[in-house]
Amino acid sequence: MSGIGTGYDLSTTTYSPDGKVFQTDYAQKAVDNSSTAMGIRCKDGVVLAVEKLVVSKLLVEGSNRRIFNVDHHAGMAVAGLQPDGRQVVNRAQDEATQYKSFYGEPIPGSVLCERLASYKHVFNLYWYTRPYGVASLLAVYDKAGPQLYLVEPSGVAHRYFGTAVGQGRQSVKTEIERLKFADLTCRQAVVECAKVLHKVHEEDSKPFELEMSWICEESGRKHARVPADVVAEAEAAAKAAAESSDMED
């Protein structure tokens with residue numbers, strides 16, 4: 001490869017003169033170029049939503065999932081390289097299982113987030129590994145209440161009220177910044193997520209599937225997929241809002 005990264009992007013143990021680790025930047029670029037994933041922490045839980053481009057008319061609906069169960073009280077949405085995402089999910093599941101086996105109670109969200117961030121960070125330290133090209137949105141409902149975390153490829157992790165990753169991240173963040181999270185229920189957030197993802201969807205020529213999950217009082221504080229009828233209602237409301245906006249324009 002030619003350009004500013006030449007000679008400095010061959011391993012994760014080499015810093016550029018600007019203090020960058022290009023392999024880590026490339027992993028983040030894989031996330032930034034993926035389809036959008038978002039999460040919203042509401043007053044009664046957390047909602048995760050992702051857009052999945054339909055790459056072929058022959059594709060079976062609902063396949064190639066991007067939202068996974070980690071434990072009864074935790075779920076994860078991934079953006080970036082999906083095979084990498086599955087490996088990170090497997091690690092999170094192992095961490096949850098080991099913690100429960102040792103301590104006899106579900107792993108707290110903060111602990112799971114820290115362990116997952118440390119695991120990802122390890123792959124930014126040694127020349128014979130490459131960083132995971134995936135960002136993980138972690139939704140948890142434990143004794144501390146509902147929580148939403150984002151773990152980036154570098155191992156950086158933050159807790160959010162609402163955030164997004166992928167191609168439409170900036171537009172999604174702009175939209176959800178207007179929401180009042182303290183008053184928002186998960187039922188309402190499902191509709192808001194559908195509206196936002198339909199609004200920021202840039203590939204108009206390509207259809208996409210909306211995959212959503214929640215962990216809230218309505219789901220018994222267990223991570224589960226949003227019922228199909230609820231998703232259908234949310235998509236209908238999103239399309240109606242889009243049509244109304246087009247008419248006004």
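Each residue takes its place number in the sequence, starting with 1. What you see below is based on every heavy atom in this structure, not just the backbone, and it leaves out hydrogens, waters and symmetry mates.
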- Message: Between E218 and C186, does the side chain to side chain contact (heavy atoms under 4.5 Å, CB included) criterion hold? Intermediate values first, please.
- Response: CA-CA 9 Å; E218 190 169 343; C186 282; over 6 Å; no

- Message: Please verify the inter-ring angle class for Y132 with F123; under 30° counts as parallel, over 60° as perpendicular, anything in between as tilted.
- Response: tilted

- Of all heavy-atom pairs linking M212 and V47, the shortest is CE-CG1, 4.2 Å

- What closest approach, in Å, do A74 and L112 show between heavy atoms, and which atom pair accounts for it? CB-CD2, 4.2 Å

- State yes or no: do F68 and I215 share one hydrophobic cluster built from I, L, V, M, F, W and Y residues joined by side-chain heavy-atom distances below 4.5 Å, directly or via other members? no

- Least distance between heavy atoms, S63 atom then V60 atom: OG-O, 2.7 Å

- Please test Y141 against H223 for side chain to side chain contact (heavy atoms under 4.5 Å, CB included), starting from the C-alpha separation and ending with a verdict. CA-CA 8 Å; Y141 203 134; H223 182 255; over 6 Å; no

- Message: Would you say that C113 contacts R159 through its side chain, given a criterion of any heavy-atom pair below 4.5 Å between the two side chains?
- Response: no

- If we ignore angles and hydrogens, is there a donor and acceptor under 3.5 Å between the side chains of D32 and Q28? yes

- Value rounded to 0.5 Å, distance of OG1 in T36 from CD in Q170: 11.0 Å

- Task: Determine, stepwise, if the pair E51 / V200 fulfils side chain to side chain contact (heavy atoms under 4.5 Å, CB included).
- Result: CA-CA 10 Å; E51 63 166 359; V200 304; 5.8 Å; no

- Would you check if P131 and Y26 make a side-chain contact, meaning some heavy-atom pair closer than 4.5 Å? no

- Query: Crowded around E61 CD? As in, over 12 foreign heavy atoms under 6.0 Å?
  - Reply: no

- Taking the side chain as C-beta and beyond, is there a heavy-atom pair between L48 and W214 under 4.5 Å? no

- Query: Are side-chain heavy atoms of L184 and K180 found at a separation under 4.5 Å?
  - Reply: no

- Test salt bridge (Lys or Arg N to Asp or Glu O under 4.0 Å) applied to E211 and R66, step by step: CA-CA 8 Å; E211 184 178 0; R66 293 179 56 200; over 6 Å; no

- Message: Is any side-chain heavy atom of Y119 closer than 4.5 Å to one of E95?
- Response: no

- Query: Does the D9 side chain pair with the main chain of F22, one donor and one acceptor, at a distance under 3.5 Å?
  - Reply: no

- Task: Give a yes or no on whether a salt bridge exists between E175 and K199, defined as a side-chain N under 4.0 angstrom from a carboxylate O.
- Result: yes

- Query: Is it true that V111 and V88 fall in one hydrophobic cluster, defined by side-chain heavy atoms closer than 4.5 Å?
  - Reply: yes

- Side-chain (S56) to main-chain (L58) donor-acceptor, under 3.5 angstrom: yes

- Would a hydrophobic clustering, with Ile, Leu, Val, Met, Phe, Trp and Tyr connected at side-chain separations under 4.5 Å, put V50 with V172? no

- Task: Can you measure from CG (N124) to OG1 (T129) and round to the nearest 0.5 angstrom?
- Result: 7.5 Å

- Query: If only atom types and distance count, is the side chain of T12 paired as donor or acceptor with the main-chain N or O of Y126 below 3.5 Å?
  - Reply: yes

- Message: Starting from V46, can I reach M38 by hopping between I/L/V/M/F/W/Y residues whose side chains sit under 4.5 Å apart?
- Response: no

- Query: With distance as the sole test, does Q93 use its side chain to make a donor-acceptor pair with the main-chain N or O of V70 at under 3.5 Å?
  - Reply: no

- Ionic contact status for K173 with E177, cut-off 4.0 Å: no

- Rounded to the nearest 0.5 Å, what's the gap from SG on C42 to CD on E192? Could you check? 9.5 Å

- For residues P83 and R86, determine if any side-chain heavy atom of one lies less than 4.5 Å from a side-chain heavy atom of the other. yes

- CZ (F161) with more than 12 external heavy atoms under 6.0 Å: no

- Message: With heavy-atom distances below 4.5 Å as the criterion, would you say the side chains of M76 and L116 are in contact?
- Response: yes

- Spatial distance of atom NE2 (H158) from atom OG1 (T163) [nearest 0.5 Å]: 9.5 Å

- Between R225 (side chain) and I67 (backbone), is there a donor-acceptor pair under 3.5 Å? yes

- Within one Ile-Leu-Val-Met-Phe-Trp-Tyr cluster: Y149 and Y99, side-chain cutoff 4.5 Å: yes

- Would you say H73's side chain and I107's backbone share a donor-acceptor pair under 3.5 angstrom? yes

- Message: Are the side chains of P106 and D142 in contact, using a 4.5 Å heavy-atom criterion?
- Response: no

- For the pair R130 and D84, evaluate side chain to side chain contact (heavy atoms under 4.5 Å, CB included) and give the outcome as yes or no after the intermediate values. CA-CA 11 Å; R130 69 161 175 81; D84 284 13; 2.8 Å; yes

- Note on the structure: Nearest heavy-atom contact between A79 and V165 is CB-CG2, 3.5 Å

- Charged N-O contact under 4.0 Å between K120 and E152: no

- Task: To the nearest 0.5 Å, tell me how far K195 NZ sits from I176 CD1.
- Result: 15.0 Å

- Item | Interatomic spacing from CG in L59 to CG in N64 - rounded to 0.5 Å | 7.0 Å

- Give a yes or no on whether the backbone of V21 and the side-chain of Q23 come within a donor-acceptor separation of less than 3.5 Å. no

- Kindly give the heavy-atom pair with the smallest separation between A117 and V151, and that separation in Å. CA-CG1, 3.7 Å

- Task: Please name the pair of heavy atoms, one in R65 and one in G62, separated by the smallest distance, quoted to 0.1 Å.
- Result: CG-O, 3.4 Å

- Query: Between the main-chain N or O of A194 and the side-chain N or O of E235, is there a donor-acceptor pair closer than 3.5 Å?
  - Reply: no

